Amino acid sequence: MFDNELTRAQKGLTRRGLLAGAAAFGSLAGSFSGIFSGVAPAFAQQRAPLRLDITQGNVQPIPIALPDFSGGSGADAEMARNVTGVVTADLRRSGLFAPIDPAAFIEKNPSFDAPRFPDWRAVNAQGLVTGRIARQGDGRVQAAFRLWDVFGGTALDGKQYVTTPDNWRRISHIIADAIYERLTGEKGYFDTRIVFIDETGAKERRVKRLALMDQDGANVRYLTRGDDLVLTPRFSPSTQEITYMSFGQGDPRVYLLNVETGQREVVGNFPGMTFAPRFSPDGQRVIMSLQQGGNANIFTMDLRSRATTRLTDAAAIDTAPSYSPDGTRICFESDRGGKPQIYVMGAGGGAAQRISFGEGSYSTPVWSPRGDTIAFTKQGGGGFGIGIMKIDGQGERILTEGYHNEGPTFAPNGRVLMFFRDPGGNAGPSLYTIDITGRNEQKVPTPSYASDPAWSPLLS
Amino acid sequence: MPSVMRFSRAARFAAIIVAALTIAACANKPNEGLDGMSGAAAVPGSQQDFVVNVGDRVFFESDSTELTPVSRATLDKQAQWLSQYNRYSFTIEGHADERGTREYNIALGARRAQATRDYLAARGINASRMRTISYGKERPVAVCNDISCWSQNRRAVTVLNAGS
């Protein structure tokens with residue numbers, strides 16, 4: 001049975017691969033798209049013993065073996081090794097997988113289709129990934145992988161992708177996402193980007209640039225030159241546009257920037273400073289604060305009709321709005337009760353419900369992509385922490401605290417937060433990730449100081 | 001580029017407060033529209049006169065936009081001087097210390113600038129001469145991890161427009 005299934009799977013891969021290859025022609029051109037995945041082959045719907053339950057608080061990482069993908073010789077072999085390295089790093093950083101040291105491997109070059117399972121059991125691998133990279137006649141690259149349950153001796157997943165060689169990192173992240181999803185039952189978050197503020201120079205005159213990178217810190221790209229102070233960038237759902245605040249000539253304003261074309265425009269013709277922007281989940285609106293005298297009120301602008309709508313009108317600072325993923329509600333920060341606290345209101349405005357009641361003040365609320373929690377910055381006791389609470393304010397948990405932690409942003413699967421931490425003094429901030437369980441805190445590598453991260457949706 | 005020049009100007013005014021001796025160094029940078037800055041003695045009615053003899057800034061308590069008695073006394077002097085030298089238009093820059101979040105501090109700085117503006121308006125300064133801007137916590141003048149710095153950064157600074 002196993003052999004039959006595998007044969008069928010191989011046929012599937014070949015067929016899908018060809019289809020993917022055909023579809024990919026003429027649609028790459030340096031855009032974010034252009035990677036086409038084959039569909040997972042129809043393996044037997046059997047019991048799957050290799051599965052990580054990540055709903056529990058304390059997760060034991062899965063020991064997984066990731067021998068180098070095969071890649072022929074020369075540049076392809078190097079690419080194969082690099083792909084393996086990126087997949088391995090993604091899985092390790094998630095904290096849910098424990099990649100095994102390749103030095104321990106008994107089978108050095110496992111067959112793509114028929115690894116020697118006893119050899120992998122002997123090194124205590126529960127999962128095994130075999131992969132291969134091959135160059136097509138048109139110069140593009142085929143990347144394929146198989147995910148194996150070592151103890152059952154069965155293939156759990158297998159996919160093939162065709163793309164241009166310069167997309168090798170994305171292919172790696174997509175493979176890591178597939179493995180993550182197959183073994184945890186939840187979508188991954190590796191094929192994503194981070195938009196953030198790059199910071200250089202002395203604190204009194206810090207130069208801030210809008211920057212974009214892959215979630216693992218690779219492929220940093222600067223979107224502004226640092227002439228104007230820029231703050232709080234956020235992705236559109238399509239990831240093609242960014243909204244952010246910039247101090248240019250005149251009043252500081254909320255801008256839209258098309259990442260591909262570089263085209264920039266002011267959002268709305270507001271009579272004063274606008275700030276704290278975010279997109280609505282459908283990408284049709286930008287929600288932001290407008291400064292009106294001593295008060296800040298929340299407005300939206302419809303990007304098609306250009307119509308603006310006022311949502312709050314309190315004698316207070318109302319800012320940092322964030323939509324629920326279904327677009328029906330908005331959480332925001334307001335000091336209408338004295339100190340900054342988190343409130344929730346309908347997407348059309350109106351009465352707002354305060355949801356934060358702990359000691360200290362609460363800022364920068366952001367709604368989880370899962371819809372069930374809100375992450376925030378909490379200031380109190382001389383420090384700043386990052387926490388989450390349910391959308392009714394119950395179940396508050398502080399995940400990390402210290403001198404200064406600020407501005408959480410959710411990974412698209414809602415399991416990981418990124419935020420920035422500033423040690424104070426003349427030093428500057430760095431980016432960190434932490435699981436919503438409060439475990440697995442990791443520093444994100446950036447070229448210099450970095451702040452105000454925002455996580456993109458999955459790119460594919 | 002204009003924003004960069006504005007920052008450098010603000011930083012230079014700050015330097016004068018800390019140590020008036022730096023004025024000579026500033027004068028070595030001509031063509032920035034700050035002729036009134038040159039020379040050791042403040043010419044009455046000059047920008048230097050305003051900064052040194054009147055005081056260009058007021059300070060706030062933590063997370064507060066209330067003008068203290070000291071701040072009101074400074075703003076009374078500012079209003080008097082600005083009435084006398086009414087050729088100047090100016091920008092009130094509101095700032096916050098680093099002990100707050102980015103968005104809230106933008107609004108807090110704006111509120112401080114507004115409180116300053118309202119006070120000067122009540123003292124007879126024409127609103128058309130005044131513009132406000134907030135830098136939130138983005139432009140501290142003092143950098144350390146305690147109140148000695150934070151208290152200097154929670155401020156509203158009246159910046160005379162160079163061209164006026």
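Remember, it's a predicted structure, so these values are computed and weren't measured experimentally. Residue numbers start from 1 in every chain, and the chains themselves are labelled A, B, ... in the order their sequence lines are given, proteins ahead of strands. Values reported hereafter were calculated over all heavy atoms of this structure, with side chains retained and with hydrogens, waters and symmetry mates removed.
- Look at B:Glu138 and A:Arg205 and you find no salt bridge, because none of the NZ, NE, NH1 or NH2 atoms lies under 4.0 Å from a carboxylate O.
- Only the backbone of B:Thr132 comes within less than 4.5 Å of a heavy atom in chain A; its side chain stays farther off.
- With a 4.5 angstrom heavy-atom cutoff, A:Phe420 touches chain B only via side-chain atoms.
- Of all residues spanning residues 94-119 of chain B, those with a heavy atom less than 4.5 Å away from chain A's heavy atoms are B:Glu98, B:Arg99, B:Gly100, B:Thr101, B:Arg102, B:Glu103, B:Tyr104, B:Ile106, B:Ala107, B:Leu108, B:Ala110, B:Arg111, B:Gln114, arranged by number.
- Residue-environment remark: CD (A:Glu401) stays at or below the threshold of 12 foreign heavy atoms within 6.0 Å.
- Contacts with chain B were tallied for A:Thr232, A:Ile317, A:Val207; A:Ile317 has the most, counting heavy-atom pairs under 4.5 Å.
- Atom CD of A:Glu265 has more than 12 neighbouring heavy atoms from other residues, nucleotides or ligands inside a 6.0 Å radius.
- Among all heavy-atom pairs drawn from B:Asn145 and A:Pro423, the shortest one is ND2-O, 3.2 Å.
- Of all residues spanning residues 266-277 of chain A, those with a heavy atom less than 4.5 Å away from chain B's heavy atoms are A:Met273, A:Phe275, A:Ala276, arranged by number.
- At a 4.5 Å heavy-atom cutoff, the contact between A:Asp335 and chain B is made by side-chain atoms alone.
- Here the side chains of A:Gln291 and B:Ser134 are not in contact, with every heavy-atom distance at 4.5 Å or above.
- Taking the side chain as every heavy atom from C-beta outward, B:Asp63 and A:Pro340 approach each other to under 4.5 Å.
- Of the listed residues (A:Asp318, A:Leu231, A:Asn426, A:Asp251), the greatest number of heavy-atom pairs within a distance under 4.5 Å of chain B belongs to A:Leu231.
- With rounding to the nearest 0.5 Å, the separation of NZ in B:Lys137 from NZ in A:Lys203 is 8.5 Å.
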